[in-house]
Protein chains: 2
Amino acid sequence: MLYLWYSVSLMNSLFQYLQNFYPLSKEAQKAISEISQTVLIKKNTDLQSIGHTCKTIYFLKKGVARIYYFKDGIDITESFSFENNIVVRFESLFTSQPSKKAIQVLEDSELVAINSPKLFKLYDQFPETERLFRKIFEAALVDTVNRVESIQFHTAEERYKHLMHEAPDVLKRVPLKYIASYLGITPVSLSRIRAQK
Amino acid sequence: MLYLWYSVSLMNSLFQYLQNFYPLSKEAQKAISEISQTVLIKKNTDLQSIGHTCKTIYFLKKGVARIYYFKDGIDITESFSFENNIVVRFESLFTSQPSKKAIQVLEDSELVAINSPKLFKLYDQFPETERLFRKIFEAALVDTVNRVESIQFHTAEERYKHLMHEAPDVLKRVPLKYIASYLGITPVSLSRIRAQK
DNA sequence: GTAATTTCTTATCATATGTAAAGTGTTTTA
DNA sequence: TAAAACACTTTACATATGATAAGAAATTAC
């Protein structure tokens, strides 16, 4: 079940996040507010489904989300998102192609949904919005390049230990089966790694 | 050995590439020309070295390049670049942190080197440059997300066959040892995969 | 609160990949 | 052009991971 309403405090959290990248005038904030909705969504439900073309940039205020898809019938987690971060299927957002991936929340969650086609139109009217989101997506590019490095150069065991060290909360809030596919291994292998220590 | 000079035809190739993303006025083209150099570099030499902070966006007109680094003393290839594409260590460019990776050319190559701090200053003067490079980096984000998917979903064998099918030239121009580490396997394993067929 | 379902662990076995070493063929260099 | 260096393949062996199945633990549903 998905509930839409309008929460001023949720919207304020979004602007607090955005200001970390670039300052926004009151006018630009108002314009962004007008193309955004706040969303309440129940645990274990899909925020966006497979085959859907991404036209929304989500900001996750509360909860945990993952992007996943099916490979040979097996559910694979591509990424996790936690509080105070954006959640987007970039490959669909920037190509306007249907995504093979879905977004699911793993806890009851609160989000802001920004309509991306409308946002991209604001770029002409408010250059500051273009600059701000450019910086957000540049940061996402850095994260993604680092993720490639992590997958290619480190073993699943190294990455599990790194995850445990960097983000112990993940382990408390996310089922191990999802962490396993995120690490590129089976739940059985993850159990073995965990048992070693 | 690295040779610097100024080639009008090389610069024109760059603008042809850039126009695919967004049109540029003559004034903006002139401004970009003024912060760029053309580069000739010999096979098997480093264009940028490990520990160097990336302040250059390269456009590769002729040749092949790879980004690589060392993991436990082993040379690992992160990516390849071919004709008419940009070559950048994004994680260093956007964080201003020294990169753990180097850029090496595998053939005698011709490039254009754009000074990135100066380019970023042009963004204020010529909004079209900000828009253009935003789109270039958004495309790079899409490519990188797809690469994560490729690594995480597909076996080395699948990816080798895909590479062979999509870019048979790669195999002719790049030593197999580099392709092996790019695929995340040893040269021995790659030999086995190649022998199967 | 109990039953049903889901999640996680453990064990066994088969397979794939890594390591090391040796040998062949190609390229580089002086 | 000959020697040296490098690239690639093959073999043998050790190890890690996957598949499958069974059971324990935790969570969910009624």
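So that the names make sense, note that chain A is the first sequence line, chain B the second, and so on, each numbered from 1.
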From CA spacing to verdict: ring-ring contact (aromatic ring centres under 6.0 Å, His included), A/F137, B/F137: CA-CA 8 Å; A/F137 296 133; B/F137 296 133; over 10 Å; no

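Note on A/I185: only backbone sugar-phosphate atoms sit closer than 4.0 angstrom, heavy atoms only; bases stay farther off. Across all strands shown, A/S191 has heavy atoms under 4.0 Å from base atoms, whether or not it also approaches the sugar-phosphate.
In summary, the side chains of A/T38 and A/E110 do not present any donor paired with an acceptor at a separation below 3.5 Å, with no hydrogens or angles considered.
To the nearest angstrom, P of D/dT27 lies 15 Å from CG of A/L106. In this structure, A/L171 places its CG atom 14 Å from C1' of C/dC8, rounding to the nearest Å. What separates CD of B/E158 from P of C/dA16 is a distance of 13 Å, to the nearest Å. Between B/Y160 atom OH and C/dT17 atom P the separation is 14 Å, expressed in whole Å. Rounded to whole Å, atom C1' of D/dC8 lies 10 Å from atom CG of B/L190. Between the NZ atom of A/K42 and the C1' atom of D/dA29 there is a distance of 15 Å, given to the nearest Å. Between the C1' atom of D/dT10 and the CD1 atom of B/I193 lies a distance of 15 Å, rounded to the nearest Å. When rounded to the nearest whole Å, the span between CD of A/E157 and C1' of D/dT15 equals 13 Å.
Nearest to the side chain of B/V188, among D/dT10, C/dG18, C/dT10, sits D/dT10. Listed candidates were D/dT9, C/dT10, C/dT17. Nearest to the side chain of B/R194 is D/dT9. When each of C/dC8, C/dT10, D/dC8 is scored by its nearest atom to the side-chain atoms of B/L176, the top-ranked nucleotide is D/dC8. Side chain of B/K177, nearest nucleotide from D/dC8, D/dT11, C/dT10: D/dC8. Nearest to the side-chain atoms of B/R192 among the listed nucleotides D/dC8, C/dT19, C/dT10 stands C/dT19.
For the pair B/N44 and B/G184, both in contact range of DNA chain C, the more 5′-proximal nearest nucleotide belongs to B/G184. Remark on DNA chain D: of its neighbouring residues A/K43 and A/T186, the 5'-side contact belongs to A/T186, judged by nearest-heavy-atom nucleotide.
Taking the six-membered ring where tryptophan is involved, the planes of B/F90 and B/F94 are essentially parallel, since the angle between them stays under 30° and well short of 60°.
B/K43 and B/D108 are not joined by a salt bridge, as no carboxylate oxygen comes within less than 4.0 angstrom of a charged side-chain nitrogen. Ion pair A/K135/B/E130 not flagged as a salt bridge, since none of the NZ, NE, NH1 or NH2 atoms sits closer than 4.0 Å to an Asp/Glu carboxylate oxygen.
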